[in-house]
2 protein chains.
Amino acid sequence: MAASRVRQMYLSAKNAAALDTELMSSGGFSLDQLMELAGLSCAQAVYKSYPPESKRSVLVIAGPGNNGGDGLVAARHLKLFGYSPTVYYPKRPNRDIYNRLYTQLTNLKVSFTDDIDTAITEADQILDAIFGFSFTPPIRDPFVHVIGLLESSKKPVVSIDIPSSWDVDSGPPNAGEIGAGFVPNVLVSLTAPKPAARFFKGRHFLGGRFISKELADKRGFSLPEYPGVDQVVELPTENEKL
Amino acid sequence: MAASRVRQMYLSAKNAAALDTELMSSGGFSLDQLMELAGLSCAQAVYKSYPPESKRSVLVIAGPGNNGGDGLVAARHLKLFGYSPTVYYPKRPNRDIYNRLYTQLTNLKVSFTDDIDTAITEADQILDAIFGFSFTPPIRDPFVHVIGLLESSKKPVVSIDIPSSWDVDSGPPNAGEIGAGFVPNVLVSLTAPKPAARFFKGRHFLGGRFISKELADKRGFSLPEYPGVDQVVELPTENEKL
């Protein structure tokens, strides 16, 4: 019984996509709203894990899709929270929402970099916003190179939704594959943890506080209680569940 | 000098409208984003003033414009924070964003009411989201009746941006005019206090955490430090400033 309850917490790649579609159709949400709340929760998870007094500079690595968009929103809130974010955003689809998020950041004097090697070396910490629940292999450059740097870097990493390069449903890559050695310190699952989170042993937060208990029930996952007005709630680690 | 510094804090109706226009043009923000962050800050101010353990039911009175939209967003977050919100929303312009905010609330089982007299009697507290910085008299029905109820009600009221019926720039109505007796307990100014806030003596919060210090300087108002990840900061009351 306990194992089955734990299994119900996870939202597969297919079901996460279906939930997103539902939220933006009959749910009445716009992508702007969902991304704002998701990105804000990621920024709060960074703050709770590495407050600006301890790790001030943060490199946000943004991928080409909505996970990257969440990262751009998070970068804006991190700037307002007192961090010094730098953004690496090598693939920028010409979509209105991404263009606007870019404009918001440049207006806040957030700097963008093309030199990922130097940026990782100089950062106190990293926010991995490369791939999310719609990730399917293969990884393409420049992200093959970036994942390699994350594997060898000793910097603290917070990953949004999944550790980038991990399979959403089956978890970490096999030994020898790209990303097999990438283990972030903190994971922020959005709406509900994906199955890959079963293999994650670090600090684990849940964000994306916009789902009703009824909708979660209907979709077959459970919702923990968020504390107060927080947009994230810390989940028990896999070790604590055992 | 002190008086002039205080005066600089206020954003006139005209300048607030110009700032809004700038945020949504060269600023790159969408109305969805700004309203989400504004409404979230209002919900946080309600939580800080009247936590759900003390005042659980909250009547949100939403006007026909963006102040009402902020109230609808706040109602959604209040529901997720553990309150039981009820919404009175008598004038509903057929705009996509308001329609979607309405859908989001009905999906969360937030109830709407047409009976304002009963709703005010039954509520533990009230969120006044009727009029904001674009308010110009005269007040029309049903809001003449609603303001009259707020004047005579002893329920705690949190007002968004201005106490509804007050003139944005010159403050409370004259004796004998509609709203002359309406004094909310809490005010949540958005982006910057409007000149009417000079006449407000209760708890005063600032919300709408999306402005850079550079933009505030350019627009001639000051930005206080927000604590941690909060979307609101409490301001000194007029009495404390003296």
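Note on naming: letters A, B, ... go to the chains in the order of the sequence lines (proteins, then strands), and numbering restarts at 1 for each one. Just so it is clear, the values below take in all heavy atoms, side chains as well, and ignore hydrogens, waters and symmetry mates.
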Side chain A:N107, main chain B:S26, donor-acceptor under 3.5 Å
yes
With distance as the sole test, does B:N99 use its side chain to make a donor-acceptor pair with the main-chain N or O of A:G28 at under 3.5 Å?
no
Region of [X] that comes under 4.5 Å of a non-hydrogen atom in chain A:
X: B:L37; result: side chain
X: B:I211; result: backbone
X: B:E36; result: side chain
X: B:Y47; result: side chain

Decide if atom CG of B:D115 counts as having more than 12 heavy atoms of other residues, nucleotides or ligands within a radius under 6.0 Å.
yes
Between atom [atom1] of [X] and atom [atom2] of [Y], what is the distance when rounded to the nearest 0.5 Å?
X: A:R100; Y: B:Q33; atom1: CZ; atom2: CD; result: 5.5 Å
X: B:S30; Y: A:D96; atom1: OG; atom2: CG; result: 8.5 Å
X: B:S212; Y: A:L108; atom1: OG; atom2: CG; result: 5.5 Å
X: A:L31; Y: B:D32; atom1: CG; atom2: CG; result: 9.5 Å

Quick check on A:L40 against chain B: is it the side chain, the backbone, both or neither that has a heavy atom closer than 4.5 Å?
side chain
Ranked by heavy-atom pairs below 4.5 Å to chain A, first place among B:L23, B:V73, B:L215, B:T103 goes to B:T103
Flag the one option from A:K213, A:E225, A:R209 with the top tally of heavy-atom pairs under 4.5 Å to chain B.
A:R209
Max heavy-atom pairs within cutoff under 4.5 Å with chain B, candidates A:K79, A:Q104, A:K109, A:R76, goes to A:Q104
With B:V229, the side-chain contact (heavy atoms from CB on, under 4.5 Å) member among A:Q231, A:K48, A:Q44, A:H77
A:Q44
